[in-house]
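Written below as structure tokens is the structure these notes are about.
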Amino acid sequence: MCAKRVILHVDVNSAFLSWEALDLLEHGATLDLRTVPSVVGGDETSRRGIVLAKSTPAKAYDIQTGETLFSARRKCPDLLVVPSHYPLYAKQSNRLYTLLCEYSPVIQRYSIDECFLDFTGMEYVHGDAVACAEEIRRRCETELGFTVNVGVGPNKVLAKMAGELRKPNFVNTLFPHELADKLWPLPVRELFMVGRQTERALARRGVHTIGELAHMDPKAVRYDLKSHGMLVWGYANGMDPSPVVPNDSVGPKSYSNAATLPADACTAADAHAALRPLCESVTERMRRDGWATKLLGVQIKYADFSVVQHQRALRDAICDSRTVFEHICALFDELWDGRPVRLLGARLGELCQPDCEQLTLEDSCKQISRAALDRVADCIRAKYGRTSLMPATMLRQDFSHLDRYAANSEKPKTNSPF
DNA sequence: TCTGGGGTCCTAGGACCC
DNA sequence: TCTGGGGTCCTAGGACCC
């Protein structure tokens, strides 16, 4: 007989802010950021001034993640704003992961501050799942110095929703017999995968709570919202068959790097210059993980915030920065309508092994020598730092928009983002 | 809105083929 | 061809997550 599935979801409370607070305390600060209205924010001078994470006291001022620092300060004039440090977050994320490895061999790092553990059958080793979740919560607080929420459920979505019920520093359960009490009264927007558009579409049907969605006729949901509707209808009814997938068992689908420019680019030359470091860093990251790409894409966000993208499949896989850059510039030129550009992005998809590259005779010499050059450059940057070697055209440029996990930094392996 | 960046997945529509 | 219908592939756009 199969053991009953038990999934744990571990989520760091105000992750970036907690980790900044911890780091400051370790370096002699006397104030704990977590005890005052504070946020981790992007750099306003380069037009990235948004709230990335907030303290519990900041939440009391209705400060939201993603809102501008300008707006956050208006709500709380004494707000403390600290900049972000991604290598630090990666390090703390790894500490958490190491601790969790003691409790299950099947762990999925869902993001830099969230993990799913498949606890099925582990009761025989570690005892009751809820008691174990409590132990994890306590050990994070005492041994790691930051608090987490642990959700316990029969599948991933219920474990994750359980984690949201009471915060911070709590263990919550969400099993099928608890749905009506704990899940169904909540606003439908709080359900995983129900965003603003789905919320609007459901509101047109008079559906405002998770329970109302759960009790909808699935045919009506499918009619309105297609397959995505069936997904969230299943979630509302506590159904989620998806397995906990350890990250080393699945490769990435794509790599991308985008940056809001310190000032709008108004000429093709300006845009090309901004694309160069983006292409360099994203290609280097892909190469470091041992991939080549057969699909290149460029993204433009205009000054009015409208977004367009353009992509092209390549006949041959490539992995050298210069060739990527040339293709991306060509794609940009085809896409750009001449208006001022706020953000530029480059994306590498259709990943494959570099050794299956099918080069034509004419291209092969050029690309092989470029690839060899890149490999040497990668080694030098790994040893002496990100900016120790760069194309001359990138001298005097601002590098604050380079990959957060480019060379040398400690990168956590996750399915998504970070 | 003084509105980031890195991902995944889905859908619609057009090109092309039989 | 004043062209049907189904299948596949490709691209653009959008929704959602953290």
Side-chain angles (χ1 to χ4, degrees), chain A residues 9 11-12 14-16 40-53 64-74 83-84 86 89 93 109-115 156-157 160 163-164 189-201 225-232 235 242 245 247 250-262 278 281-282 285-286 294-314 331 334-335 342-351 400-406 411-418:
Chain A
H9 175 258
D11 186 358
V12 179
S14 306
F16 291 2
V40 176
D43 178 17
E44 286 167 297
T45 60
S46 52
R47 310 196 296 178
R48 293 164 202 149
I50 62 157
V51 173
L52 298 166
Q64 308 284 334
T65 301
E67 81 175 300
T68 59
L69 292 176
F70 178 85
S71 151
R73 283 206 187 85
R74 208 165 39 193
S84 59
Y86 284 90
Y89 310 153
S93 176
R109 298 180 82 161
Y110 183 68
S111 73
I112 200 166
D113 68 341
E114 273 179 61
C115 287
K156 283 164 78 176
V157 78
K160 186 165 168 58
E164 299 291 317
R189 183 69 165 82
E190 292 186 25
L191 184 63
F192 181 61
M193 291 304 285
V194 173
R196 202 186 315 157
Q197 296 305 322
T198 306
E199 178 189 31
R200 271 188 208 157
L225 292 163
K226 312 276 183 336
S227 66
H228 189 253
M230 296 316 291
L231 180 83
V232 293
Y235 287 172
S242 69
V245 182
N247 302 77
V250 287
K253 300 274 198 305
S254 65
Y255 290 86
S256 66
N257 197 186
T260 296
L261 308 176
L278 294 172
S281 61
V282 74
R285 188 153 50 97
M286 175 189 76
K294 291 186 84 171
L295 181 70
L296 299 180
V298 71
Q299 184 190 20
I300 297 174
K301 186 189 277 181
Y302 288 109
D304 69 355
F305 286 86
S306 61
V307 174
V308 287
Q309 40 203 344
H310 187 35
Q311 67 175 50
R312 184 153 50 229
L314 306 178
L331 284 166
E334 290 166 15
L335 178 64
R342 180 185 174 87
L343 168 144
L344 284 167
R347 194 170 68 87
L348 316 179
E350 288 289 307
L351 304 174
S400 56
H401 57 298
L402 283 185
D403 262 4
R404 293 174 296 188
Y405 292 108
K411 188 188 90 160
K413 281 271 181 195
T414 62
N415 273 359
S416 71
F418 312 102

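Throughout, protein chains are lettered first and strands after them, A, B, ... in sequence-line order, and every chain is numbered starting at 1.
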Legend entry - Nearest listed nucleotide, side chain of A/N257, among B/dG6, B/dA12, C/dT11: B/dG6
Inset, instruction - Verify the contact: side-chain N or O of A/R196 to OP1 or OP2 of C/dC16, cut-off strictly under 4.0 Å; return yes or no. - result: no
Legend entry - N/O (side chain, A/T198) to phosphate O (OP1/OP2, C/dC16) under 4.0 Å: yes
Legend entry - Minimum-distance nucleotide to A/E67 side chain [options: C/dT11, B/dT1, B/dT11]: B/dT1
Inset, instruction - Between A/D304 and A/H228, just flag the one whose closest nucleotide in DNA chain B comes earlier from the 5' side. - result: A/D304
Inset, instruction - Please determine, for the side chain of A/S227, which listed nucleotide (B/dG7, C/dG13, B/dC10) has the closest atom? - result: B/dC10
Legend entry - Short side-chain N/O contact from A/R342 to OP1 or OP2 of B/dG4, under 4.0 Å: yes
Inset, instruction - Describe, in one word, how the ring planes of A/F16 and A/Y89 are oriented to each other, choosing from parallel (under 30°), tilted (30 to 60°) and perpendicular (over 60°). - result: parallel
Inset, instruction - Using distance alone, with no hydrogens and no angle criterion, decide if A/Q299 and A/R347 have a side-chain donor and acceptor under 3.5 Å apart. - result: no
Inset, instruction - Mind checking the CZ-OH spacing from A/R285 to A/Y255? Nearest 0.5 Å is all I need. - result: 7.0 Å
Inset, instruction - Identify which nucleotide among C/dC17, B/dG5, C/dC18 has an atom closest to any side-chain atom of A/T260, counting heavy atoms from C-beta outward. - result: B/dG5
Inset, instruction - Choose from B/dG6, C/dC18, B/dC2 the nucleotide whose nearest atom is closest to any side-chain atom of A/F70. - result: B/dC2
Legend entry - Same-atom distance (P) from C/dC18 to B/dT3, integer angstrom: 23 Å
Inset, instruction - For A/R48 and A/T260, indicate whether the former's side chain and the latter's backbone hold a donor-acceptor pair under 3.5 Å. - result: yes
Inset, instruction - For the side chain of A/T68, starting at C-beta, report the closest nucleotide among C/dT11, B/dT8, B/dT3. - result: B/dT3
Inset, instruction - Please tell me which of the listed nucleotides, B/dT3, B/dT8, C/dA12, lies nearest to the side chain of A/K253? - result: B/dT8
Inset, instruction - Report the nucleotide, chosen from B/dG7, B/dG4, C/dC18, that has the shortest atom-to-atom distance to any side-chain atom of A/S256. - result: B/dG7
Inset, instruction - Identify which nucleotide among B/dG7, B/dT3, C/dA12 has an atom closest to any side-chain atom of A/R47, counting heavy atoms from C-beta outward. - result: B/dT3
Inset, instruction - Would you indicate, yes or no, if B/dG4 has its OP1 or OP2 atom less than 4.0 angstrom from a side-chain nitrogen or oxygen of A/K301? - result: yes
Legend entry - Centroid distance under 5.5 Å and plane angle under 30°, A/F305 vs B/dT3: yes
Inset, instruction - Give a yes/no answer on whether the side chain of A/S254 brings an N or O atom under 4.0 Å of OP1 or OP2 in B/dG7. - result: no
